[in-house]
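Structure first, then comments.
Note: hydrogens, waters and symmetry copies are ignored here, and every other heavy atom, side chains too, is used. Remember, it's a predicted structure, so these values are computed and weren't measured experimentally.
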Amino acid sequence: MFGLDAFELARIQFAFTISFHIIFPAITIGLASYLAVLEGLWLKTQQAVYRDLYHFWSKIFAVNFGMGVVSGLVMAYQFGTNWSRFSDFAGSVTGPLLTYEVLTAFFLEAGFLGVMLFGWTRVGRGLHFFATVMVAIGTLLSTFWILASNSWMQTPQGHAIVDGRVIPVDWFAVVFNPSFPYRLTHMAIAAFLSTAFLVGASAAWQLLRGRDNPAVRKMLSMAMWMALFVAPIQVLVGDAHGLNTMKYQPAKIAAIEGHWENKAGEGVPLILFGWPDMQRETIRFAVEIPRLGSLILTHSLDQPIPALKDFAPRDRPNATIVFWSFRIMVGLGLLMIAVGLCSAWLRWRGRLYQSILFLRFVLAMGASGIVALLAGWFTTEVGRQPWVVYGLLRTREGVSNHGALQMSVSLIIFILVYLSVFGVGVRYLLRLIRKGPLSAETHPSGGPGQQRSPARPLSAVLEDIDDDADADIKGRNNSSDQSDESRS
């Protein structure tokens with residue numbers, strides 16, 4: 001297929017499926033915590049706006065959770081089908097870590113998900129809130145174990161190699177490997193920011209269409225507080241993560257920075273833009289700031305940083321992909337900070353909900369968290385190459401013995417199925433979000449044979465999502481009522 005061999009096709013297939021999958025767990029993590037906060041605020045204040053937002057976003061959570069589970073199953077199967085040699089080499093570490101994720105996180109989520117989605121009028125308020133919190137904790141536990149496994153592949157320790165296989169000798173060292181704390185924190189914050197900008201964009205969409213009600217305003221307000229305070233924290237966490245990466249994966253840092261060679265004792269510039277040329281071993285059209293690269297990575301103006309020519313060509317990652325994926329992530333992060341600062345200014349001026357230009361900016365940034373998350377994963381995973389377990393097993397050595405024809409057929413099937421199934425699912429999610437929250441929204445209890453019977457997560461969605469016209473009328477009526485009140 002396109003002149004690619006089976007190994008390259010296996011990598012593309014894994015990259016394709018994981019790129020689809022990571023979006024849904026990230027939103028699940030953020031929405032679960034958001035729902036726990038909303039219900040907690042409702043129990044504390046008894047303000048109906050928090051209850052209405054909870055009911056609205058619980059529907060999006062249910063659909064998103066279902067798609068995340070389905071896409072995650074495919075990932076697990078690929079370890080055995082396309083990467084069996086990797087599983088044979090490192091399965092004694094990665095297998096138990098994924099098992100711990102199922103035994104703790106997935107069981108916790110599955111055990112309380114039904115109560116959370118269908119128990120609003122069937123159990124007490126305290127028990128329902130407890131179920132929501134447990135689901136939120138479950139999503140974070142899932143992140144913990146998945147990142148422990150992936151981080152061990154980035155910075156492996158706590159093991160021995162016996163007869164060509166990895167044997168764990170210190171599970172504490174395996175789990176809490178050198179990159180794990182930074183990557184766990186970075187991923188969790190990325191999930192929260194991705195959700196915050198999704199929520200903010202949904203609110204901006206409603207306000208731009210004239211659907212101004214307390215629930216929509218509260219959505220925008222909470223999302224902008226998250227952007228204002230959490231986006232700068234992500235920058236600090238990213239800086240610490242970068243220093244850790246320079247210590248344990250210097251080739252990745254060299255590719256990120258786009259430096260092919262550096263002179264000892266001289267500070268290196270920060271290359272803002274350019275085009276890494278892997279063949280000529282240079283970066284073309286470079287736009288750089290002198291010594292800033294050393295200042296960021298060594299906190300000194302004259303200390304050098306790793307360069308790509310310090311490593312053999314076979315040990316270098318693809319500098320072009322890593323260089324640009326990192327800059328996309330950082331650029332979007334800076335825009336998130338800008339959104340937060342703009343929201344603080346407009347909030348102070350009393351214009352947060354009326355500034356058309358700002359609302360359009362927030363709407364345009366709706367997918368920024370997801371795109372930044374994907375760019376960050378491309379940076380860390382492509383930057384690890386050519387290793388699947390850094391320094392221990394090369395990626396080419398971990399692939400199964402398949403032919404190019406087999407991999408081509410399976411890749412085409414994956415693309416067609418994913419685009420059809422998940423395309424419909426994402427479109428459905430967007431239509432739910434587009435409808436927006438309604439004031440005094442009811443939450444029927446249902447029962448056996450009735451609406452909202454808890455057969456599956458999608459049962460949590462009851463409404464006809466084609467009644468946007470009704471929502472428009474209600475939004476305009478609310479706006480008219482508020483205008484009349486202001487006149488009087």
**Asked** Do Leu97 and Glu101 come within less than 4.5 Å of each other through their side chains, counting heavy atoms only?
**Response** no
By side chain to side chain donor-acceptor pair (under 3.5 Å), His128 pairs with (sequence neighbours left out) Glu39
Here the ring-ring contact (aromatic ring centres under 6.0 Å, His included) pairs for residues 347-381, sequence neighbours left out, are Trp345-Trp348
Residues at least two apart in sequence or cross-chain that pass side chain to side chain donor-acceptor pair (under 3.5 Å) with Gln234, listed by chain then number, are His186
Residues passing the side chain to side chain donor-acceptor pair (under 3.5 Å) test with Thr104, sequence neighbours excluded, are Trp145
With sequence neighbours left out, the residues meeting salt bridge (charged side-chain N to carboxylate O under 4.0 Å, His left out) with Arg284 are Asp277
Sorted by chain and number, sequence neighbours left out, side chain to side chain donor-acceptor pair (under 3.5 Å) with Arg360 holds for none
For Phe273, the ring pair (Phe, Tyr, Trp, His ring centres under 6.0 Å) test, sequence neighbours excluded, returns none
Tell me if the OH atom of Tyr182 is crowded by more than 12 foreign heavy atoms within 6.0 Å.
no
| message | Hydrogens and angles aside, do Gln47 and Lys218 bring a side-chain donor and acceptor to less than 3.5 Å of each other? | response | no
Side-chain polar contacts of residues 187-204 - donor-acceptor pairs under 3.5 angstrom, sequence neighbours left out - could you list them?
from, atom 1, to, atom 2, distance (Å)
Ser194, OG, Ala190, O, 2.8
Ser194, OG, Gly369, O, 3.1
Thr195, OG1, Ala191, O, 3.0

Salt bridge (charged side-chain N to carboxylate O under 4.0 Å, His left out) filter on Glu381, not counting sequence neighbours, yields Arg183, Arg384
For a quick check under 3.5 Å, do Ser410 and Gln13 share a side-chain donor-acceptor pair by atom type?
yes
Distance-only criterion, 3.5 Å: show the donor-acceptor pairs between side-chain atoms of residues 316-342 and protein atoms not counting sequence neighbours.
from, atom 1, to, atom 2, distance (Å)
Arg316, NE, Leu308, O, 3.0
Arg316, NE, Phe311, O, 3.0
Arg316, NH1, Glu281, OE2, 2.8
Arg316, NH2, Phe311, O, 3.2
Asn318, OD1, Thr320, N, 3.1
Asn318, OD1, Ile321, N, 3.2
Thr320, OG1, Pro276, O, 3.0
Trp324, NE1, Gly274, O, 3.1
Ser325, OG, Ile321, O, 2.9
Ser325, OG, Val322, O, 3.2
Ser325, OG, Thr379, OG1, 2.7
Arg327, NE, Ile271, O, 3.2
Arg327, NE, Leu272, O, 3.1
Arg327, NH1, Ile256, O, 2.7
Arg327, NH1, Phe323, O, 3.0
Arg327, NH2, Ile256, O, 3.3
Arg327, NH2, Ile271, O, 2.7

Hits for ring pair (Phe, Tyr, Trp, His ring centres under 6.0 Å) against Phe130, two or more places apart or cross-chain, chain-then-number order -> Phe112
Return a table of donor-acceptor pairs under 3.5 angstrom between the side chains of residues 63-70 and protein atoms on other chains or two or more places apart.
from, atom 1, to, atom 2, distance (Å)
Asn64, ND2, Phe24, O, 2.7
Asn64, ND2, Thr28, OG1, 2.7

Side chains of Leu430 and Val426: closer than 4.5 Å at any heavy-atom pair?
yes
